[in-house]
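Computed from a predicted structure; not experimentally measured. Labels below follow one simple rule: chain letters A, B, ... track the order of the sequence lines, proteins then strands, and each chain is numbered from 1.
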Amino acid sequence: MINNSLAGGHAGRSTGRFWHDPAVRSLLIQASAFLIIAATAYYLVSNLVINLNARNIPIGLNFLSERAGFDIGDTAIAYTANDTYGRALIVGVLNTLKVSLIAIALATVIGVIVGIARLSQNFLVKNITRIYVEYMRNVPLLLQLFFWYALLTKALPGARDALNPAAGVFLSNRGLFLPTLETNTDFYYLMAGLFVGLAAAVFWAVRTKGIQKNSGRQLPVLLPVLGLLGIGGLLGWLLGPQNIVVDMPALKGFNFKGGIEITTEFLCLLLGLVTYTSAFIAENVRSGILSVNKGQHEAASSLGLSPARSQRLIILPQALRVIIPPTTSQYMNVIKNSSLGVAIGYPDLVSVAGTSLNQTGQAVECISLIMLVYLFTSLSTSLFMNWYNARVALAER
Amino acid sequence: MKSWKLLAASALGVALMAGNASASTLDTIKERGKLLCGSNGKTAGFSAPDANGKMAGFDVDFCRAISAAVFNDPDKVEYVPLTSKQRLTALQSGEIDVLSRTTTMTMSRDAGMGLSFAATTIYDGQGFMVAKKLGVTSAKELDGAAVCTRTGTNTELNMADFFNKNKMDYKPVVFEDRSEERAAFFSGRCDVMTADLTGLAGVRANAPGNPDDYAILPEVISKEPLSIAVRSDDAEWFSLVRWVTYALINAEEMGITAANVEKMKMSQDPAIQRLLGVNGNLGEKIGLSNDWAVRAIGAVGNYSEIFERNIGTNSPLKIERGINALWSDGGILYAAPVR
């Protein structure tokens, strides 16, 4: 009997002690690691609460509904000093998103062009883009921002002697002022017309693609699309009260009134982010293109495709698989780097939250909000780019 | 970004602080061997490195006085440079012992943040500076102006109140750092720079070109009692900082200077005897020896000497005593008696 049970023990996967079982052991290790992390978090949070209480600092987000009392120089939504801290922070978030999204779009376009030009056979094109990439990539962004800001504020004239390259366009060290259309009834008719034109243009583009797929017949796309947009806009205008009013900026006192204002700080931050990021994207694009087998190029030309079409239809779609993952992190860097705008007076989230922090003393809450917003935007960007990456990934059969 | 990293670190510092509140601040300082003084480090006249790279200025002298009172050596101070945005958090989290950095005492700062203002060192007010060539003579003519200022200050709120009350439009351009703000103002990005009058005087004194090309407008739109702050968890440390400051003001009233402080110990005036510790044991009540005030005054001089040396009419800043004269000279500077 005794022998039997011993033999049974040896025959099993365990040699007796429970920690010799790999499954149990890994469970134990994971459980203790989790406990250590949880205990540390509990210690930090409870210690924070005790210390804040000891210093009579209230905890919580109640301050968000209090009157902010400070103004913001660049607002995407209506905001005055009478609004709440919550709304001020939203203005900050929108400013961060505004500059980041525009920078991402422009940096992508410039990055792709520079990346392709880097591979050009033309000596001048090749080397100019090379200098651009190496310079932009290797100088810290904060320095570049200071450089652009000093350049824009010192080199551009004051508001009273603003450059006026076209009617209603003024460029000074206050920023760029552009005319806009007044949003009256006619403006909405025009927009509706343009929208209908756009819908028709999209329909045409999809339809021509279908025709080409089925029959190989290529129909013109660019001209009809522009035409449809133009006809849509014209019809909208004709149907409306035909009373388009252009809101022209004009110098009044110290500054321009009317039109749309793009501040120097925004321009400068955008310029810095676009030039810096486009250099990295250009390198991504170059490595992506180089990763495509030379045979693909040769096959495309032997099919009679022009260099431009073979680039667009054969090379770039394959290169995208290499380009997209590192470019995703560049996009996230743009969002995070936009916080450097605080150094040159751009009222982004960090700047607005910093002011709120100082007025309310709610350091932990404000810093946590900043971190949450950056975490959320970065993760969203990452999710979207992963989805896009999966879509262009090589479909293996 | 560097500054919000520091802020985040400070916020984490609040979270990590354990048991610090129980040890007295004075003991901690003595054990450490130096005072941690939150300062600006970039404001000429208030706190900036002098020609030898040593920190000097009006704000710095109060930290030097505290150090002299505690250590009998005015140089046992480490100056922690802070932006206006970082300063309160740095004090809350215990990164500094005392904040002497042109900080306005307000109710919300004094009551809701775990901080206490020990003593007011100068009564300041917010004003506006413009280039003379704009031809502006009053702040009420500033409708539509672009205004440079710094984040994390009352200045932003006062400015909003002033422009809204006078139904004027303006564009705030808010900087993190005074050097960027200065550069933006002098390059003409802003029509106006707004700050405390003492700060404007400092910026104007260092104007590129001729300081006289810039004018400070007559309107003073706020009360800014610039004060020294400590954490409110240590009442004894609060008293020490308050009374060292009051001792310097009282010294001016009694005619005690850095040069004559030793001789004044012979004075027959009981008030002077009490202040200099010849009589009584007031020093022991703030945890120091009774000649604490002798050391402080001997190191930095009385209030008038501090003022004139750093920011007075003979300094580059050229600030008049004005309301900061002693109460007995028609000003509002009034320190409670040492008795």
Select one option (side chain, backbone, both, neither) describing which atoms of [X] are under 4.5 Å from chain A's heavy atoms.
X	answer
B/C190	backbone
B/N164	side chain
B/V136	side chain
B/N158	neither
B/Y170	side chain
B/L157	both

Just by distance, with hydrogens left out, do [X] and [Y] show a side-chain donor and acceptor under 3.5 Å apart?
X	Y	result
B/D234	B/T25	yes
B/Q126	B/T194	yes
B/T151	A/T355	yes
A/S351	A/D348	no
B/T104	B/E224	yes
B/D124	B/T198	yes

Short N-O contact, B/R32 and B/D97, less than 4.0 angstrom: yes
State whether B/D177 and B/K42 are salt-bridged, where the test is any N-O pair (Lys NZ or Arg NE/NH1/NH2 against Asp/Glu carboxylate O) under 4.0 Å. yes
Determine the option with the most heavy-atom pairs under 4.5 angstrom with chain A, choosing from [options].
options	value
B/D169, B/D161, B/V147, B/L142	B/L142
B/G114, B/C148, B/P172	B/P172
B/A160, B/S232, B/A184	B/A160
B/E181, B/M159, B/E141, B/E180	B/E180

Per-residue contacts, residues 256-275 of chain A versus chain B, heavy atoms under 4.5 Å: A/K257, A/E261, A/T263, A/T264, A/E265
Toward chain B, the part of [X] with a non-hydrogen atom under 4.5 Å:
X	answer
A/T360	backbone
A/A68	backbone
A/L156	neither
A/I72	backbone

With under 30° as parallel and over 60° as perpendicular, where do the rings of B/Y214 and B/F186 fit, or are they tilted in between? perpendicular
Is there a donor-acceptor contact under 3.5 Å from the side chain of B/D110 to the main chain of B/T106? no
Between B/S239 (side chain) and B/A235 (backbone), is there a donor-acceptor pair under 3.5 Å? yes
Kindly indicate whether the side chain of B/L115, heavy atoms from C-beta on, has any atom under 4.5 Å from the side chain of B/Q92. yes
Could you tell me whether the side chain of B/F162 reaches within less than 4.5 Å of the side chain of B/F128, counting heavy atoms only? yes
Hey, which of A/G69, A/A353, A/S356, A/S368 has the most heavy atom pairs under 4.5 Å with chain B? A/G69
Let's test your reading of the structure: which of A/I50, A/D71, A/V352 forms the most heavy-atom pairs below 4.5 Å with chain B? A/D71
Would A/R67 and A/D83 count as a side chain to side chain contact (heavy atoms under 4.5 Å, CB included) if you check the C-alpha gap in whole Å, the side-chain angles of each, and the deciding distance to 0.1 Å? CA-CA 6 Å; A/R67 180 183 181 270; A/D83 285 312; over 6 Å; no
